[in-house]
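Letters A, B, ... are given to chains in the order of the sequence lines, protein chains preceding strands, and every chain is numbered from 1.
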Amino acid sequence: MFDVNLIIKSLPMLLQASVWTVIYSLSSVAIGFCIGTLVCAAGLSSSRLGRGFSAFYVSFFRGVPLLVQLLISYYCLPLIGVNVPSSVAAVGTLALCTGAYLAEILRGGFLGIPPGLIEAARMVGLSRAKILTRIEVPLAVRLTLPSLVNETTMMVKASSLISVVGVLELTRLAQNIATSTFQPLEIYLTAGAIYFVINGAITLVGGFAESRFRLEKAR
Amino acid sequence: MTFNPAILTDNWREILDGMALTILIWAAGTAIGLVIGLAVAVLQLFTNRWLAAPLTLYVAVMRGTPFLIQLFVIYYGGPFFGLDLTPLTAGIAGLALYGGAYFSEIFRAGFLSVPPGQIEAARMMGIGRLDIVRHVQLPQMLVIILPALANMTVLLSKETAVLSVITVNELTSVVQSIGSTTFAFAETLLFLALVYWAFLEIVTAAARRLEKRVGRFMLRTPS
Amino acid sequence: MTATPDTGSRPIIDVRGVWKRFGTAEVLKGIDLAIRKSEVTCIIGPSGSGKSTLLRCIAFLEEYSEGEIYIEGELLGFSLENGKRRRVSDAEVARVRRNVGFVFQQFNLWPHMTALENVAMPLKLARGIAREDAEKRARRMLEKVGLGHRAEAYPSQLSGGQQQRVGIARALAMEPHIMLFDEPTSALDPELVGEVLQVMRDLAAEGMTMAVVTHEMGFAAQVADTVVFIDHGVIAASGSPQQVFRKDENPRLRQFLQNYFERNVFWQGAEDGAAP
Ligand SMILES: Nc1ncnc2c1ncn2[C@@H]1O[C@H](COP(=O)(O)OP(=O)(O)O)[C@@H](O)[C@H]1O
Ligand SMILES: [Mg+2]
């Protein structure tokens, strides 16, 4: 029988663990955004080295399954004398990985800015740095907001993989309960529903931000 | 830290088997996923809302939840419905259902990308709904959605690694277990990363070439 | 002028009290219009007045909200069951309008097919005509519109005027009893308009029944048997070209024609806005 009581009983624990899921995934997106901006800037720079590094970075972190990246950071960091908590290593890996995707997204955004807007800023005497921080980054973010929101939901989903390297979050806890109660269906469906709600909330907030920051106001 | 490549050469047979299985899973999952995606898109667009609503929910759920959880539900939850799947079958089914949801969105966008006037013209000629799909919509949209389909197919090849968690003996699982028995984590895992990386670069380059060739065909017949 | 219309018989198209609403917007407000065999009816009017909507309702590309449209005596799109109308199946719609051809402002050729395939494909799929026969007929139709030599070209390799002529050939191949044209020359560069109008003139001279939404007043004046002026979703004036262009006093019509002539004045002699 489908055990609704089990769901009700384990829901508080699962919700608690989902807080970690949210913390891990959002912080990896935040760090990844900084990484992505730098990688993207390097990619659009005039330096050949910068462009080469950017291309290498994006290709590697998008070319290797995240699970393999997590296994490498989990097993190999200690080998080179880096001993950090597994949660830190995992978030760092998530951030490096999403940084590659975010770099590509932002690249599209920067290239999508009409050159006239930059020229106008130059003509009114803004400095190069001001143009970047006040004009280009805000415009690129607005232009790419749907993709940025989507990437955030991808990271919420991807964070489930850090359960494999022993970090306690929603998926890991669900596994623990499922193996101890022998009722995996109820537990995994509940965990899936929680992920679904988290991503629904992110999409909702993202949609709100999109309509708020829409560049061409729809009258 | 020592580095001993012999660990890999000693186990080349298992590693090759793992690679073969990874590619098999990828090909099967993609093929079935494409069929699911096309069917879902057609049913969503061309039937009534009572059929479309559950399909929309399916797509939203597959896109809104982690692939790993989906695999757990199918593999560990399957017996609840009398579905006692092997890890491999569960894995391929999971990959196909997951990919199918994304493919359906791509197909849907493709159908909507064909200008409605062209469909009206076909309707005025008395051409049937399915013939319009087959002769007017599909040939045009396939060209348009090819990059997105290729992109998703490449993404699915990376997702196959997750099947190692439900004990499918694909590449990641094989190499990881060699690592744990020999404690040669650096050799095995870095090798694993390089293999995937090279594989993805090759597949991506192939997809680009295909797109270019199809793009040239497009130049001949743009709208 | 065209072959003499037979005014006595039943109209091919009979539009009776047709209303069309999009949500709360009333776009057609009680249209009555009859088109008889071999008649050419030109529909003119300001942009947004409902001309396309009327034509699309006659083709049942839009469902009309109220009223009746009969095609050769058959009610289009609905069945009447003790006074209530019910939407009929798509197959039934297709059957009733199988003798109606439609030519679109944007051509709507299928870009992945050659001119020949554009014309032949519907013959095969909708009429079940064998391939060779379909292609033979398609070739004949392309020759009729002066494009026999471009049969193997893709739409993108054709000029706008040529594309529209393929569009006409495609509709003609189905051997329609009436052809509907929605601004067939409005998407064309001015120098390409003439070739399309010539094809339409020839058709009219052969006795084809036609309803043409157009801004080409010269064409309307020369070819039409009836000119219909639509304004804000009602027929505000109708009659012979002579009647509508010269005599009708409707101020909106006069304003519309005035605007048209002012746009087209480019030398002194036409200054007085004289009608054709
Ligand atoms: N599908 C539609 N939905 C809502 N309004 C429409 C639609 N099609 C046309 N309209 C409105 O109906 C009016 C008449 O349109 P149309 O028949 O295209 O005018 P015309 O062809 O005379 O320029 C316009 O105000 C237009 O905005
Ligand atoms: Mg119009």
Tyr76(B) side chain near Leu185(A) side chain, heavy-atom distance below 4.5 Å = no
Where the side chain of Lys158(B) meets the backbone of Arg62(A), is there a donor-acceptor pair that is under 3.5 Å apart?
-> yes
Honestly, the part of Ala198(B) sitting under 4.5 Å from a heavy atom of chain A is neither
Chain B contact via Ile72(A) - side chain, backbone, both or neither, heavy atoms under 4.5 Å = both
Could you tell me which portion of Gln176(B) (side chain, backbone, both or neither) has an atom closer than 4.5 angstrom to a non-hydrogen atom of chain A?
-> side chain
Short question: side chain of Trp197(B), backbone of Phe61(A) - any donor-acceptor pair under 3.5 Å?
-> no
Would you give the length of the straight line joining atom CE of Met62(B) to atom CZ of Phe196(A), rounded to the nearest 0.5 angstrom?
-> 11.5 Å
Should Tyr188(A) and Gln70(B) count as side-chain neighbours, where that means a heavy-atom distance under 4.5 Å?
-> no
Contact check, side chains of Leu71(A) and Phe185(B), non-hydrogen atoms, under 4.5 Å | no
Phe80(B) side chain reached by Glu186(A) side chain, heavy atoms, under 4.5 Å = yes
Which one of Gly78(B), Gly64(B), Ser164(B), Pro79(B) has the most heavy-atom pairs closer than 4.5 Å to chain A?
-> Gly64(B)
Please say whether more than 12 non-hydrogen atoms of neighbouring residues, nucleotides or ligands are located less than 6.0 Å from CZ in Phe183(B).
-> no
Answer whether the closest heavy-atom distance between the side chains of Thr172(B) and Pro65(A) falls below 4.5 Å.
-> no
Arg51(A) atom CZ, over 12 foreign heavy atoms within 6.0 Å | yes
Would you call Leu200(B) and Val64(A) a side-chain contact if the rule is heavy atoms closer than 4.5 Å?
-> no
Steps toward side-chain contact (heavy atoms from CB on, under 4.5 Å) verdict (Leu67(A), Val165(B)) = CA-CA 10 Å; Leu67(A) 179 60; Val165(B) 182; 4.3 Å; yes
State whether the number of non-hydrogen atoms from other residues, nucleotides or ligands found under 6.0 Å of Glu201(B) atom CD is greater than 12.
-> yes
For chain B, the option from Asn199(A), Val68(A), Thr171(A) that forms the most heavy-atom pairs under 4.5 Å | Val68(A)
Which of the residues Leu194(B), Val203(B), Thr160(B), Thr65(B) is involved in the greatest number of heavy-atom pairs with chain A at under 4.5 angstrom?
-> Thr65(B)
Gap separating the CG atom of Leu70(A) from the CG atom of Leu189(B), nearest 0.5 angstrom = 11.0 Å
Part of Ser159(A) within contact of chain B (heavy atom distance under 4.5 Å) | neither
Of all of Tyr102(B), Phe199(B), Phe67(B), Tyr75(B), which one pairs up most often with chain A through heavy atoms under 4.5 Å apart?
-> Tyr102(B)
Identify the two heavy atoms, one from Lys157(A) and one from Arg63(B), that lie closest to each other, and give their separation to 0.1 Å.
-> NZ-O, 2.9 Å
Go through the steps to decide whether Gln175(A) and Phe72(B) satisfy the test side-chain contact (heavy atoms from CB on, under 4.5 Å), and finish with yes or no.
-> CA-CA 9 Å; Gln175(A) 265 177 300; Phe72(B) 284 166; 3.6 Å; yes
Residue Thr153(A) versus chain B: region with a heavy atom under 4.5 Å | neither
Between atom CG of Leu71(B) and atom OG of Ser160(A), what is the distance when rounded to the nearest 0.5 Å?
-> 9.5 Å
